[in-house]
Amino acid sequence: TIGTPPAAFVPDLAGLRRNAAATLLRNWRGSATVPTGALYPHQWSWDSAFIAIGLAHLSPRRAFAELTALHGAQWGDGRVPQIVFNPAVPEDAYFPGPPFWRPLPRQGPAAGVSTTGLVQPPVHATAVLAVAERHPGDATDAAVRQLYPRLARFHDYLFSRRRVASGLVGIVHPWESGLDNSPFWDEPLGAAGADLASADLADDITGLRRDLRHADAGHRPTDEDYGRYMGIVAAYRDRGYADDDLLSLPFCTVDPLFCALLAWSEHSLAELARRTGADPGRHTERAQELAYQLHTRLFDPALGCYVALDARTGRPLRKRTVSGLVPLLLPGLPSGRRSALVATLTGPAFGLGSRDVRGVPSYDLTAPDADLHRYWRGPTWMNTNWLLWTALRRQGETRHAERLASDMVRLVADAGFREYFHPVTGEGLGADHFSWTAALLLDVLA
Ligand code: 9YW
């Protein structure tokens with residue numbers, strides 16, 4: 001028999017936009033947006049930046065409110081915390097909740113504000129600039145004047161307190177990378193295991209974990225991962241979240257996505273400085289200096305992407321993860337770098353443009369330890385896809401950018417506003433009604 005050709009895919013764009021807006025409205029809690037209702041009932045740092053990029057298409061006022069609320073929890077030392085806990089939510093609704101992070105130190109948030117002691121990738125200055133560029137006017141100028149000094153203090157903290165490995169900026173926990181169980185961290189976490197043997201770890205991690213009540217255990221980090229996550233936090237907490245002698249912590253690495261987003265956002269900060277009459281020069285210099293270190297020390301020509309570094313041992317962590325493609329965002333790439341990254345992106349590891357792959361997976365599909373259902377070890381996520389879509393457009397790779405945008409739209413049209421997606425079947429995974437999926441889709445559709 002003659003097969004019927006597959007029906008052409010015609011997404012209902014107006015319906016998608018409407019549902020994206022409804023998702024963001026549903027997750028708004030009065031001053032900020034939760035990533036998704038039951039699983040993550042507080043405010044997360046880099047989620048809020050992505051959410052603001054989407055809110056820019058609905059209400060610039062709300063976009064600025066989102067980031068103003070986040071910066072209201074900024075620590076005395078400048079760090080912008082990974083999670084701002086909502087005091088109206090029961091302390092055991094999320095694990096590890098506020099009690100685990102206490103005591104917060106003197107250089108912590110204002111009295112009465114409850115947060116974690118970690119940070120997340122700094123994409124906030126870029127988000128503020130994106131909202132500002134879309135909505136010129138007095139209200140925007142006022143919001144930028146208010147936010148610029150806070151953004152600059154966060155970056156000052158990172159550049160001054162988190163410098164490791166001569167000039168690169170480090171992270172002290174897998175949660176700080178935003179890609180918690182990325183294969184990058186297997187080796188340093190394995191090594192940390194020994195250091196953590198004496199840490200006061202909960203013996204019933206499964207019982208404590210709230211995520212397992214809302215998502216399939218096979219799609220989440222393992223209990224062993226969680227045990228180590230808790231141990232690493234405990235070591236940092238017990239020294240008052242002090243950043244002296246970072247290499248003596250059980251985990252200290254350099255992540256290409258974190259450094260690339262910091263360099264990119266530092267360029268955005270230069271533009272925000274210009275708008276407020278402050279000196280853009282120091283931001284541009286810092287951005288260029290960090291990018292130089294990233295390009296010369298973290299690119300792995302044999303893998304065709306950037307890799308992470310274990311700052312404690314100096315060893316490169318040689319895996320192909322989506323984080324190692326994100327430096328494609330940066331202006332002024334060394335010669336040949338753009339084509340090398342695009343070749344990796346469109347080759348068998350990530351499969352952009354191939355018939356069998358949906359969006360850009362979080363990890364090398366050809367790696368023996370890829371797990372296409374498990375969180376950051378294979379599935380396709382909208383935030384990293386949005387970063388690469390933006391990168392491809394900035395580098396003039398229009399055809400690849402268009403293909404990626406259509407994959408993103410199709411994934412959501414087929415499976416909904418899910419937290420992540422199976423990179424081959426497109427099956428929706430993790431939570432539903434996920435804020436950054438909705439927000440970034442709005443931006444792609446704009
Ligand atoms: C956690 C909220 C966060 C994201 C992270 C993602 C996950 C687990 O969810 O973290 O419990 O914090 O890995 O990038 O910000 O969406």
Side-chain angles (χ1 to χ4, degrees), residues 9 11 16 20 23 35-36 39 46-47 50 53-54 121 123 177-184 215-216 218-221 256-257 305 319-326 328-329 341-342 344-367 369-393 397 400-445:
F9 168 63
L16 278 173
T23 300
T36 178
L39 184 59
W46 79 326
D47 294 64
F50 292 126
I53 287 167
V123 68
S177 72
L179 278 70
D180 317 354
N181 68 342
S182 163
F184 270 157
D216 188 316
H219 303 173
R220 302 281 306 172
L257 174 146
C305 62
K319 305 258 185 176
R320 279 196 198 94
T321 82
V322 71
S323 300
L325 300 170
V326 171
L328 184 61
L329 273 169
L341 290 168
V342 171
T344 307
L345 197 50
T346 54
F350 295 98
L352 176 61
S354 106
R355 217 175 230 289
D356 310 319
V357 182
R358 314 273 231 113
V360 178
S362 44
Y363 184 42
D364 180 351
L365 293 173
T366 67
D369 56 346
D371 182 343
L372 306 193
H373 285 95
R374 201 183 289 279
Y375 223 45
W376 296 104
R377 304 184 71 90
T380 294
W381 290 70
M382 278 302 145
N383 63 333
T384 46
N385 276 254
W386 181 86
L387 290 169
L388 292 173
W389 172 70
T390 304
L392 288 166
R393 295 201 312 162
E397 297 281 352
H400 293 309
E402 280 169 4
R403 169 59 197 249
L404 183 50
S406 87
D407 275 16
M408 292 166 79
V409 173
R410 181 150 198 180
L411 278 168
V412 176
D414 288 350
F417 294 93
R418 300 297 295 263
E419 190 179 5
Y420 42 102
F421 304 85
H422 192 290
V424 174
T425 65
E427 179 197 355
L429 301 168
D432 200 356
H433 310 293
F434 201 72
S435 293
W436 80 33
T437 303
L440 298 175
L441 195 79
L442 276 178
D443 196 57
V444 167
L445 293 178

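If you're wondering where the values come from, they're calculated on a predicted model, not measured in any experiment.
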_Using the salt bridge (Lys or Arg N to Asp or Glu O under 4.0 Å) criterion, which residues pair with Arg418? Sequence neighbours excluded._
none
*OG1 of Thr346 to CD of Glu397: how many Å apart, nearest 0.5 Å?*
9.0 Å
_Candidate list Val342, Leu352, Leu341, Thr384, test side-chain contact (heavy atoms from CB on, under 4.5 Å), partner Leu325, passing option_ = Leu341
*Find the distance between CG (Leu387) and CG (Leu328) and round it off to the nearest 0.5 Å.*
10.5 Å
*Residue list, ring pair (Phe, Tyr, Trp, His ring centres under 6.0 Å) with His400, at least two apart or on another chain*: none
*Hey, what's the ring geometry for Tyr420 with Trp381, parallel, tilted or perpendicular (30° and 60° as the breaks)?*
parallel
*Can you name the residues that form a side chain to side chain contact (heavy atoms under 4.5 Å, CB included) with Asp180, not counting sequence neighbours?*
Trp175, Tyr229, Tyr375, Trp376
*Please name all residues satisfying side-chain hydrogen bond (donor to acceptor under 3.5 Å, both in side chains) with Arg320, sequence neighbours left out, ordered by chain then number.*
Asp364
*With a 4.5 Å heavy-atom cut-off, do Met382 and Val444 have their side chains touching?*
no
*asked:* Please enumerate all residues that pass salt bridge (Lys or Arg N to Asp or Glu O under 4.0 Å) together with Asp407, with sequence neighbours excluded.
replied: Arg403
*Please work out whether the ring planes of Phe434 and Trp436 are parallel, tilted or perpendicular, with thresholds of 30° and 60°.*
perpendicular
*Could you grab the distance from atom CG of Leu404 to atom CG of Leu345, nearest 0.5 Å is fine?*
7.5 Å
*Considering residues at least two apart in sequence or located in another chain, which fulfil the side-chain hydrogen bond (donor to acceptor under 3.5 Å, both in side chains) criterion with Asp216?*
none
*Taking the side chain as every heavy atom from C-beta outward, state whether Phe421 and Leu429 have any pair of such atoms under 4.5 Å apart.*
no
*Sequence-distant partners of Arg374, side-chain hydrogen bond (donor to acceptor under 3.5 Å, both in side chains), two or more places apart*: Asp371
*Pairing residues for Val357 by the side chain to side chain contact (heavy atoms under 4.5 Å, CB included) criterion, not counting sequence neighbours*: Ser354, Pro361, Leu365
_Show the nearest heavy-atom pair for residues Arg410 and Arg358, with the distance to one decimal._
CG-NH1, 3.8 Å
_Side-chain (Ser362) to main-chain (Val322) donor-acceptor, under 3.5 angstrom_ = no
*Only counting residues at least two apart or in another chain, list the ones meeting side chain to side chain contact (heavy atoms under 4.5 Å, CB included) with Ala438.*
Ala20, Thr23, Leu24, Phe417
*asked:* Taking side chain to side chain contact (heavy atoms under 4.5 Å, CB included) as the definition, give me every residue that meets it alongside Pro11, ordered by chain and number, with sequence neighbours left out.
replied: Phe9, Leu13, Leu16, Val409
*Heavy atoms only: give me the nearest Ser323-Phe184 pair and the separation to one decimal.*
CB-CE1, 3.9 Å
*Closest contact, heavy atoms only, Leu440 versus Asn383*: CD1-CA, 3.5 Å
*asked:* I'd like to check the side-chain hydrogen bond (donor to acceptor under 3.5 Å, both in side chains) partners of Asp432; sequence neighbours left out, ordered by chain and number.
replied: none
*Quick one: closest heavy-atom pair of Asp443 and Trp389, and the distance?*
OD2-CZ3, 3.7 Å
*How far does CG of Leu411 sit from CG of Asn385, to the nearest 0.5 angstrom?*
7.5 Å
*What is the minimum heavy-atom distance between Pro423 and Leu372, and which atoms define it?*
CD-O, 3.5 Å
*With sequence neighbours excluded, tell me which residues meet ring pair (Phe, Tyr, Trp, His ring centres under 6.0 Å) with His373.*
His219, His422
*Taking it one step at a time, do Lys319 and Asp369 satisfy side chain to side chain contact (heavy atoms under 4.5 Å, CB included)?*
CA-CA 11 Å; Lys319 305 258 185 176; Asp369 56 346; 3.1 Å; yes
*Shortest non-hydrogen contact from Thr36 to Ala431?*
CG2-CB, 3.8 Å
*Evaluate the side-chain proximity of Arg377 to Ser182: yes if any heavy-atom separation is below 4.5 Å, no if none is.*
no
